[in-house]
Every structure is written in C-alpha cells, then in structure tokens.
Amino acid sequence: MIIGALVGATAVGKTRMGVAIARELNAEIISTDSRQIYAETAIGSSQPSKEDRGGIVHHLMGFLSPAQAYSVAAFCRDVHDLVQENPDQAFLLVGGTGLYLQALMLGLSPLPEIEPSLRVRLESIRQRRGLAFLHRWLAHVDPVIGSRLSPGDSQRILRGLEVYLQTGKLWSSFQGMRQGGMGSFPVAWMDRPREELYRRIDLRTHSMVRMGWIEETEHLIKNYAQDVPALQGLGYHHLIQVLEGKVPLDQAIPEIQQETRNYAKRQLTWFRNKSSAQYFLVSEGAEIAEISPFLTFFKSFRKIP
RNA sequence: AGGUCUGUAGCUCAAUUGGUAGAGUAGUGGUCUCCAAAACCAUUGGUUGGGGGUUCGAGUCCCUCCAGGCCUG
C-alpha cells in the first residue's frame with residue numbers, strides 16, 4: 001500500500017526527510033527518480049549511502065545497468081509489481097520526477113512499445129532534412145498535435161511521428177485515454193526559500209566532486225559508451241569534457257551548478273501546477289524539528305484500523 | 001606623476017556617417033501522457049560611470065571629475 005509521496009526540488013533535502021518519515025510510519029521507500037534507478041551512478045545521481053538510508057529499505061534505486069533504457073511505463077509497472085507482491089507493506093514514494101508520479105496516479109495512454117529502430121530512422125531523417133520537415137510531416141498527418149507542438153520541440157515531434165508510424169493511429173487520439181492509474185494519494189511538497197535552495201545546490205555540487213564524482217564518471221565511460229542513458233544525468237557530460245582535458249574543472253563546476261539550478265526551477269513549476277501537493281516550507285536549522293507537520297499530514301490519511 | 005585605452009541590463013557584449021538602446025545568458029513565469037536530471041515556450045531588467053557643454057537631437061562630439069586596465073618613469 002502506498003501511503004503517500006514526498007516530492008521536492010533537487011537538493012532540497014528529500015532523502016533525509018524521507019528516511020525520517022518512513023521510520024516513523026514504518027514504511028519502505030520507493031524512489032521516484034528517473035536518475036537514481038541506475039547502478040554505478042551513486043554520486044552523480046545523489047543516491048543515499050547505506051548510513052544515510054538508516055536501515056530503511058529503498059526500492060527502485062541503483063538497480064539498473066547504466067546502459068539500459070528506462071521509461072515512465074517501466075516505472076509504473078515496477079511500482080505496481082512491488083505493491084502487489086507486498087500487500088501488507090507500507091510504501092512512501094520519495095523523489096523529484098514529477099512525470100513519474102503523475103503517471104503512477106493517473107495512468108498512461110495504452111500505447112504499445114515503440115520499435116527502437118523507428119526512432120533511429122526518424123533521427124536520421126532529422127539529420128538529413130531537418131526538424132522543420134518532421135514538424136510539417138507530423139502536422140500533416142496529425143493536425144491536432146502538429147498545431148499544439150512548438151516547431152522546436154524535437155522530442156515530442158519525434159514522439160508523435162513514431163506513434164503514428166508504429167500504430168497507424170494518431171498520437172492525439174491516444175491523448176485523454178489513461179489506464180492503470182493507482183488513484184491519488186497524499187503528496188507532500190517540501191520546499192525551501194529559493195536562495196537557500198540554490199545555495200544548497202551549489203554546495204552539493206562541490207561535495208559531489210569531493211566524494212569522487214569525477215572518478216565515478218571515468219569508470220562509467222571506461223565501461224560503457226558515452227551516450228548511455230545513465231550518463232544523461234546532469235553534470236556527467238561536463239565531467240567527461242574535464243576528463244578529456246577540454247574544459248578545466250573550475251569552469252565545469254559553475255556550469256553544472258547553473259544547470260542544476262535551472263532544473264530545480266523546472267521541478268518547482270511542475271509541483272506548483274501539476275501535483276496538487278500540500279506545500280511545506282522548511283528552512284535551514286530547523287530540519288529535524290520540521291518533521292512533525294509532515295507526519296501529521298501523512299497520518300491524517302491513514303485509516304484507523 | 002606623465003601618456004594611453006576602457007567604462008552600455010546581474011554577467012559577456014552589440015548599436016551603420018550624432019536620430020533617442022538591443023542580443024545571448026542569468027533571473028522570473030509557464031508547457032509537459034513511455035528519453036523527463038529530458039524537450040520546449042514566454043518575459044521583467046538599463047537616468048548608456050557622475051556632472052557640464054555643443055546640437056532640433058548625444059551611448060556616439062567637446063570639457064571635467066570618478067573608477068579600472070596598459071605603457072613610461
């Protein structure tokens with residue numbers, strides 16, 4: 001049974017708070033994070049250490065090979081399995097990937113899996129004829145989607161076309177159909193004053209490097225290709241440049257910090273507008289004391305036996 | 001001290017022969033149904049270092065002060 005979710009921007013302190021809450025509620029944690037799924041990326045994706053997990057079981061964390069692709073659908077399937085196999089266990093979702101949480105609650109359109117070769121083909125067409133061509137093509141077959149997407153939105157233009165080519169049906173015809181949702185559960189959004197959040201991001205970036213992030217990256221590119229999914233996380237491509245001697249570290253670090261701040265802001269937009277979460281503002285110095293409002297919130301939804 | 005160059009949005013820089021200030025980026029807001037730490041969209045900022053002068057009109061010309069760089073001593 002899922003008792004709720006803890007969301008928040010990167011570096012806000014979800015991990016620590018999540019463990020504290022899970023302990024109080026006797027729950028196990030399911031990571032709701034599209035990066036922390038990967039093994040061998042413990043530092044780069046900020047996976048908590050054994051000590052930081054404080055004896056709480058963490059699921060869907062560090063379990064997938066860095067070369068393996070993952071998806072929202074895979075996440076939903078994995079969570080369903082986990083919950084079904086452990087009907088008496090309480091689970092707390094902790095993470096910052098808004099799409100994953102939304103799909104879990106509302107479900108997804110019943111689309112078949114797309115042949116990977118199809119995307120490769122579309123990519124090569126894009127190389128040859130440009131994104132504008134693909135956009136016109138999509139708008140021609142699926143005017144609803146075509147008019148809705150911006151001409152620069154490469155990812156969704158390709159998505160629309162691959163759905164059409166694979167199924168013969170329009171992507172827009174699938175939109176609005178959602179299946180397999182688990183229904184809603186209580187969501188707590190942990191936030192901090194913006195300046196404090198940004199400061200934490202900057203500090204964490206430094207500490208990740210100190211913990212051996214560069215060595216981790218070196219190990220990954222030695223054993224896998226540079227374009228494997230796990231290396232798409234923030235920072236890795238900057239560190240690859242550092243390892244190749246193309247960019248000095250003291251230039252890469254501010255760039256990584258900047259990228260991470262931008263990402264955090266996007267997350268905030270999502271939580272604000274999409275998640276219908278209960279808002280909790282915490283601030284430095286009061287971290288542990290601040291747990292009680294969260295507990296009260298989650299407990300209020302639990303059925304009294 | 002003398003000479004010389006520079007000073008435009010938080011940052012990096014634009015602005016034709018003087019015509020009344022624009023980009024990128026950051027910041028802020030937004031979009032989001034199988035790559036989501038992704039992929040996009042929108043938008044706020046400037047008494048052009050201060051003061052004075054010439055001119056119908058000055059970021060652009062002149063004077064002066066301030067700040068900084070470089071060269072000489």
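Naming: A, B, ... by sequence-line order, numbering from 1 per chain.
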Send over the distance from [X] [atom1] to [N] [atom2], rounded to a whole Å.
X         : N      : atom1 : atom2 : answer
Trp270(A) : A39(B) : CH2   : C1'   : 12 Å
Leu149(A) : C32(B) : CG    : C1'   : 10 Å
Leu106(A) : C32(B) : CG    : P     : 12 Å
Asp78(A)  : C34(B) : CG    : P     : 17 Å
Asn262(A) : U28(B) : CG    : P     : 9 Å
Arg126(A) : C35(B) : CZ    : P     : 14 Å
Gln258(A) : U28(B) : CD    : P     : 10 Å
Phe75(A)  : C35(B) : CZ    : P     : 15 Å

With both distances under 3.5 Å as the test, what is the Watson-Crick or G-U wobble partner of [N]?
N      : value
G59(B) : none
C40(B) : G30(B)
U12(B) : A23(B)
U6(B)  : A67(B)
A1(B)  : U72(B)

Using the [atom1] atom on both, measure [N] against [M] and round to a whole Å.
N      : M      : atom1 : result
U33(B) : A39(B) : P     : 15 Å
U55(B) : G46(B) : P     : 31 Å
C13(B) : A21(B) : C1'   : 13 Å
G19(B) : U25(B) : P     : 28 Å
G3(B)  : G18(B) : C1'   : 29 Å
U20(B) : U64(B) : P     : 29 Å
U60(B) : A9(B)  : P     : 15 Å
G22(B) : A15(B) : P     : 14 Å

Measuring from the side chain of [X] (C-beta onward, heavy atoms only), which nucleotide among [options] has the closest atom?
X         : options                : answer
Ala73(A)  : U28(B), C34(B), U31(B) : C34(B)
Arg178(A) : U33(B), C35(B), A36(B) : U33(B)
Arg119(A) : A39(B), C35(B), A26(B) : C35(B)
Ser150(A) : U31(B), A39(B), C41(B) : C41(B)
Gln155(A) : G29(B), U28(B), A36(B) : A36(B)
Leu99(A)  : C32(B), A38(B), C35(B) : C32(B)
Lys265(A) : C34(B), G29(B), U33(B) : G29(B)
Arg266(A) : C35(B), A36(B), C40(B) : C40(B)
Leu234(A) : G27(B), A38(B), C35(B) : A38(B)
Ser154(A) : C40(B), A38(B), G30(B) : C40(B)

(request) Work out which heavy atom in Arg126(A) is nearest to a heavy atom in Leu134(A); give both atom names and the distance. (result) CB-CD1, 3.6 Å
Looking across every strand, which nucleic acid part, if any, lies under 4.0 Å from [X] by heavy atom: base, sugar-phosphate, or nothing?
X         : answer
Ser45(A)  : base
Gly98(A)  : nothing
Ser109(A) : base
Asp33(A)  : base
Arg194(A) : sugar-phosphate
Gly44(A)  : base

(request) Step by step, work out the side chain to side chain donor-acceptor pair (under 3.5 Å) result for Asp78(A) and Tyr70(A). (result) CA-CA 11 Å; Asp78(A) 288 345; Tyr70(A) 201 63; 2.6 Å; yes
(message) Would you say the ring centers of Phe280(A) and Phe294(A) fall short of 6.0 Å from each other?
(response) yes
(request) By nearest nucleotide on RNA chain B, pick out whichever of Gly233(A) and Trp171(A) is the more 5' one. (result) Trp171(A)
(message) Both Glu259(A) and Phe174(A) contact RNA chain B. Which one's nearest nucleotide lies toward the 5' end?
(response) Phe174(A)
Taking only the side-chain nitrogens and oxygens of [X], find out if one of them lies under 4.0 Å from OP1 or OP2 of [N].
X         : N      : value
Tyr198(A) : U28(B) : yes
Tyr100(A) : A36(B) : yes
Arg159(A) : A39(B) : no

(request) Classify the glycosidic conformation of G45(B) as syn or anti, calling it syn when the angle lies within 90° of 0. (result) syn
Can you tell me how far [atom2] of [Y] sits from [atom1] of [X], rounded to the nearest 0.5 angstrom?
X         : Y         : atom1 : atom2 : value
His238(A) : Glu255(A) : NE2   : CD    : 4.5 Å
Tyr224(A) : Gln68(A)  : OH    : CD    : 10.0 Å
Thr260(A) : Leu197(A) : OG1   : CG    : 10.5 Å

(message) What I want to find out is whether Arg199(A) reaches Glu196(A) closely enough, with some N-O distance under 4.0 Å, to be called a salt bridge.
(response) no
(request) Please determine if Arg156(A) and Asp153(A) form a salt bridge, counting it only when a charged side-chain N lies under 4.0 Å from a carboxylate O. (result) yes
(request) Decide yes or no, distance alone: a donor-acceptor N/O pair under 3.5 angstrom between the base of A38(B) and the side-chain of Arg156(A). (result) yes
(message) Would you call the rings of Trp137(A) and Phe133(A) parallel, tilted or perpendicular, taking 30° and 60° as the class edges?
(response) tilted
